[in-house]
Amino acid sequence: MAPLGRKMELLSMAEQEKDKKALYKDTLALPRTDFPMKASLVRTEPQVLARWNEMRLYQRMRKAREGKKKFVLHDGPPYANGHVHLGTALNKILKDFIVRSRFMAGFDAPYVPGWDCHGMPIEHQITKALGEGLAATPSVEIRRQCREYADKFVSVQRGEFIRLGVVGDWERPYLTMSHQYEAAILGALLDLVKAGYIYKGLRPIHWCATCRTALAEAEVEYGDHESHSIYVKFPVRPGDKRWGALGLGDLRNPHFMIWTTTPWTIPANLAIAVHPDLEYQLVEAGENTYVLLSDLVPDVLKAIGMPGEVKASRKGRELEGVVCRHPMYDRDSVVILAEYVTVDTGTGCVHTAPGFGADDFESGRKYGLDIYTPVDEAGRFTADVPRYAGANVFDANDPIAEELRASGALLARGRIMHSYPHCWRCKNPLIFRATEQWFQRIDHEGLRERLLSEIDGVKWIPPWGKDRIRNMVLTRPDWCLSRQRYWGVPIPAVYCAKCGEATLDARVVERAMKATAARGADVWFTDAIGTFLPDGFACAKCGGAEFKKEEDILDVWFDSSVSQRAVLEEDPKKDLTWPCDMYLEATDQHRGWFQVSLITAAATRGAAPYRAVLTHGLILDEKAKKMSKSLGNVIAPEKVIETYGADILRLLFASVDYTADIRFTKDMIGPLAESYRKVRNTIRYMLGNLHDFDAGKDAVPVESLLELDRFALSNFNMKARRIIKAYDAYEFFAVYHSFVELCAVDLSAFYFDVLKDRLYTARRNGPARRSAQTVLDHMLRTLLRLVAPILPFSAEEAWGYVPGAREESVHLTAFPSAEALAVDQSLLDEWRRVLAVRDEVLKPLEGLRKEKKIGQSLEATWGFAADGDISGFIDEVGRRGIWPEVTVTSGWMGRVSEPAPDALRHRSEAVEGLTIFVKRAPGAKCPRCWKYDEKIGNNAAHTDICPTCAEAIADKA
RNA sequence: GGACGGAUGGUGUAACGGUAGCACCGCGGGCUUAUACCCCGUCGCGCCAGAUCGGCGCCGUGCGCGGGUUCGAAUCCCGCUCCGUCCUCCA
């Protein structure tokens, strides 16, 4: 241990050193800025929002591009129910990236957001709240409450979208429940009616006999239910030609055997379905022969308690067209083919009642069978059904089974527990029932082909979107437009009071439309039917003059399909265009909004309403499961915003490939916030070093820039171009990655690091420092603009600190033009080699550090030995005085023939024939610039600093 | 079941059919003139060596699996697995 006195002496020397340092520190141009390193986005973002609101940013942006080429992104309306979730946030943020970046690319990019207001989820909420009172509540009152509910969430969501930084016309969004919009819906319907697209047809739906209403899938609860289980035989009609052709004439008493859990549907049986590709066996049991699916023969024989003998077998396909006799009535039941026949339950011969089952209905359609639905609203058999007319269908199960047994048609009977649909409200079991609905034809006037050719003309991003929607359109059935609901736009059809004939008349629709334009769609419910009927209106079928109003409303998809008309076409300010430039929604909208909009537009306007369609994936949780409220795995955007800020969420959405589904996990946010900090500090560093720079006065012309600066500028411009190109292609993840890499690698790790010495120690207003500042100023202003669409809050905040003249908001500026981003390719090529050499120098410097011979690189110097091209190159670059700056060393020894004994040698692998020698730099450390110099003290005025520093402060101190 | 996607290190994202790269995280070191910042190294696991360059073992080796085409495939082809969307009156 050193004696005490010695220690004190050391201390005092250290302090002296410190004083000296402090003295010269004042002569340095260290970075200075008030732009905080710590973002505090949670606090600052609302302040930025307030400023935008005050300056009316959106309106200013529009004004700034008045008369410029438009880019119209048409907003797909989110549903006005509940709070914004991550998926909606992703959608709106991507839209905002586009609106802002198209604006900055020079387009006039209006954005009118909207909401989908009608529909089930809201009605569901309201009717649930009404409970028992629902039946006594007039429909207009239910609709009023729905409207109120929608209104509430429109304002909730509007606030949330604004908080995300989404810029747009929030003062006049469109609502599908506005009078104007509702009238536009009827306007579209009117066009379709006139053109002959609309017809009335049948469709099977879930029906609650107790509530006497149709149910949506969301209102259906699946729960255990004990059903009957019966096996019933259907005799093949004697002398049936198809059967005869099978060559099975010697089999006695051929029957098809079916199994069902709903005996009450037997009266409506019209067919028996078999699988075309499966094998069926003809099994003799007792007096009869039964057609059974081979795989199920043992099970069935066991169920009916009879031994059997296989006599023959046939493919299901061969059985098509065989005619059987109905076991209860003198009627046929024909054998048909269906893919949905399964091999795990029943007999492989499926009882088919087209009026009472989904699959049955489709099969019935396909085979042209009657959609026979002899059951009324209350679930009672109609007069059409002998012996059971008026009976509740569930009550009829036993008597029907009994009748079948009595006639010998019943082979076995039991009970079965299985999952069965129930009514969400009254909890009673549901029936499936075909009902009359309004449809839009898809094959009318060649519409389907026109849809397909329109699809070809649209740009789909990503490209496979085209195949997806194409295949959907290719096979989609007619569009069922009616819904047995309250909350929507009514279908202004009328029913003849006398004969029940339904009529959808253009004149009536037109009257309804006009009244709706003035007072909203409620008019259909409030006004007398007579006000909608033209003079002398009579039933086309029976001539009756008394009518009842249709109570069904339009599918809400029809509402949103009309937005291209209601919003784009009827825009009162003429900001928007038809068609628009882009629709942007999640991939599920290929079936949804993209498709319905296309159908309505093509049918009523003859073309697609969009030029391009961009789709994104859905948000998944960490286990790659879809985020949904029912799974309880949702992360609310607010959570992210409250903790990190909207810019972080936006950055995250920018960083991922949105074309695929996006897995969203908490641990994604940490690294993201880190990238953000990197970018923020890069910006802060530039701000700090421009505190005394005014481009107007101090900028250096490009040709006079130092070579390093010219290289950095060129390199920067090249990447800036790449980023702008990525914006043009809507590849925000490419923007993000290029941007972060540019900040971290090109700027922070190289240019800024190397530049420090010059910025801090060179003469404040000397050409060397001004040269660097000129480039920094260009970089800063460009960088902020490039990042503005993705980080609008931070970019704006930083913009406020940029010294010198600037626009009021970064969001009122444009991306730099190509000319402003000049690239000197030969310089870049040359510097690629410079940087390669630099990397080779850095390696042995690290070795010196490890040996504790140096701390900072400035404590070292280096030389080289080389042969070939590289040798001349390094010499040549050295003559321009570039090496010490680029490697941050004190001086440069040049070519070394005999390395000093204390030098560290590094033979390069990357650059052939190159060896680098590094060693501690000679001389003393200049307390001002920290470089080592042998000439310290040569200057009389400043005996303790190096000549360069003495020069730098000559006119100052 | 059908249509359409997705599957690269802890995370995100790249690579004309020819060395698996970049950023972030983590870990180690340096700087204190970007002062909770910045720089460098490392980053499948383990071991050895040492002025420096490094060496060895094991597993991975394209991280969904298995085949094929090719001198050579992450990249092209085929089959399968898992996940997602749609086919459903949720929007």
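Atoms considered below: every heavy atom in the structure, side chains included; atoms not considered: hydrogens, waters and symmetry mates. Order of the sequence lines fixes the chain letters, A, B, ..., with proteins taken first and strands second; residue numbering starts at 1 for each chain.
- Pairing for B:G26 is with B:U42, a Watson-Crick or G-U wobble pair whose two hydrogen-bonding atom distances lie under 3.5 Å.
- Considering only residues two or more places apart in sequence or on other chains, A:Arg849 meets the side-chain contact (heavy atoms from CB on, under 4.5 Å) condition with A:Leu845, A:Glu846, A:Ile854, A:Ser857.
- If you take atom C1' in B:A14 and the same atom in B:U19, they sit 16 Å apart, rounded to whole Å.
- An OP1 or OP2 oxygen of B:U35 is reached within less than 4.0 angstrom by a side-chain nitrogen or oxygen of A:Arg684.
- Here B:G6 is the nucleotide among B:G6, B:C38, B:U11 with the atom lying nearest to any side-chain atom of A:Ala660.
- A:Ser748 has a side-chain polar atom (N or O) that falls below the 4.0 Å cut-off from OP1 or OP2 of B:C39.
- Residues forming a side-chain contact (heavy atoms from CB on, under 4.5 Å) with A:Val556 (at least two apart in sequence, or on another chain): A:His118, A:Asp559.
- Nearest-nucleotide positions on RNA chain B place A:Gly465 closer to the 5' end than the other of A:Val656 and A:Gly465.
- Judged by Watson-Crick or G-U wobble contacts below 3.5 Å, the nucleotide B:G62 has no partner.
- Atom C1' of nucleotide B:A91 and atom CH2 of A:Trp487 are separated by 15 Å, given to the nearest angstrom.
- Side-chain contact, A:Asn81 with A:Tyr149: a donor N or O sits under 3.5 Å from an acceptor N or O.
- The A:Asn471 side chain lies nearest to B:C4 when the options are B:C4, B:G12, B:U85.
- Residue contacts shown for A:Tyr79 are limited to sugar-phosphate atoms, with no base heavy atom under 4.0 Å away.
- Pairs engaging residues 732-745 of chain A under the side-chain hydrogen bond (donor to acceptor under 3.5 Å, both in side chains) rule: A:Ser675-A:Tyr736 [sequence neighbours left out].
- Between the CG atom of A:Leu620 and the C1' atom of B:U11 there is a distance of 16 Å, given to the nearest Å.
- Straight-line distance from the CH2 atom of A:Trp460 to the P atom of B:U85: 20 Å, rounded to whole Å.
- Between the CG atom of A:Leu842 and the C1' atom of B:C31 there is a distance of 14 Å, given to the nearest Å.
- Both cation-pi conditions hold for A:Lys925 and A:Trp930: the charged atom is under 6.0 angstrom from the six-membered ring centre and inside a 45 degree cone around its axis.
- Closest approach to the A:Gln856 side chain among B:C31, B:G12, B:A34 is made by B:C31 (side chain taken as heavy atoms from C-beta onward).
- Listed by chain and number, the residues in a side-chain contact (heavy atoms from CB on, under 4.5 Å) with A:Pro477 amount to none (sequence neighbours excluded).
- Among the protein residues, A:Gly688 comes within range of no part of the nucleic acid, since none of its heavy atoms lies under 4.0 Å from any strand.
- The ring of A:Phe432 has its center no closer than 6.0 angstrom to the ring center of A:Trp207.
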Close N/O contacts between protein and nucleotides 74-81 of chain B (under 3.5 Å):
none

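- When the side-chain contact (heavy atoms from CB on, under 4.5 Å) test is applied to A:Arg684, the partners found at least two apart in sequence or on another chain are A:Thr33, A:Phe35, A:Met37, A:Asn681.
- Within the 4.0 angstrom heavy-atom criterion, base atoms lie near A:Trp557.
- With a cut-off of 3.5 Å on both pairing distances, B:C37 has no Watson-Crick or G-U wobble partner at all.
- Per the geometry, CD1 belonging to A:Ile122 stands 15 Å off P belonging to B:C90, to the nearest Å.
- Contacts of A:Lys719 classified as side chain to side chain donor-acceptor pair (under 3.5 Å), with partners at least two apart in sequence or in another chain: A:Asp746.
- Counting non-hydrogen atoms under 4.0 angstrom, A:Arg928 reaches a base of the nucleic acid.
- Between A:Thr615 and A:Pro462 there is a side-chain heavy-atom pair separated by less than 4.5 Å.
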(request) Starting at the 5' end of nucleotides 22-28 of chain B, put B wherever the base has a protein heavy atom under 4.0 Å, S where only the sugar-phosphate does, and a dash everywhere else. (result) SSSS---

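- Residue-level contact check: A:Ile205 touches the bases, meaning some heavy atom is under 4.0 Å from a base atom.
- Rounded to whole angstrom, the span from the CD1 atom of A:Ile469 across to the P atom of B:A3 amounts to 17 Å.
- Across the P atoms, B:G55 and B:C71 are found 33 Å apart, a figure rounded to whole Å.
- Using N1 to N3 plus N6-O4 or O6-N4 for Watson-Crick, or N1-O2 and O6-N3 for G-U wobble, each under 3.5 Å, B:A49 pairs with nothing.
- Qualifying side chain to side chain donor-acceptor pair (under 3.5 Å) partners for A:Tyr685, counting only residues two or more places apart in sequence or in other chains: A:Tyr760.
- Nucleic acid contact for A:Asp657: sugar-phosphate only, since backbone atoms but no base atoms lie under 4.0 Å from a heavy atom of the residue.
- Within the 4.0 Å cut-off from OP1 or OP2 of B:C89, at least one side-chain nitrogen or oxygen of A:Arg203 is found.
- When heavy atoms are screened at a 4.0 angstrom cut-off, A:Glu585 is found touching no nucleic acid atom at all.
- Base pairing of B:G84: its partner is B:C4, meeting the Watson-Crick or G-U wobble criterion (both donor-acceptor distances under 3.5 Å).
- Nucleotides B:G21 and B:G41 have their P atoms positioned 15 Å apart, rounded to a whole Å.
- Put simply, A:Asn681 has no side-chain N or O that comes within less than 4.0 Å of OP1 or OP2 on B:A34.
- Heavy atoms of A:Phe733 sit under 4.0 angstrom from primed sugar atoms or phosphate atoms, though from no base atom.
- Classified by interplanar angle (parallel below 30°, tilted 30° to 60°, perpendicular above 60°), the ring pair A:Phe558/A:Trp479 is tilted.
- The residue A:Gly119 sits close only to the backbone: its heavy atoms come under 4.0 Å of sugar-phosphate atoms, none of a base.
- A:Arg905 comes within 4.0 angstrom of sugar-phosphate atoms only, judged by non-hydrogen atoms across all strands, and of no base.
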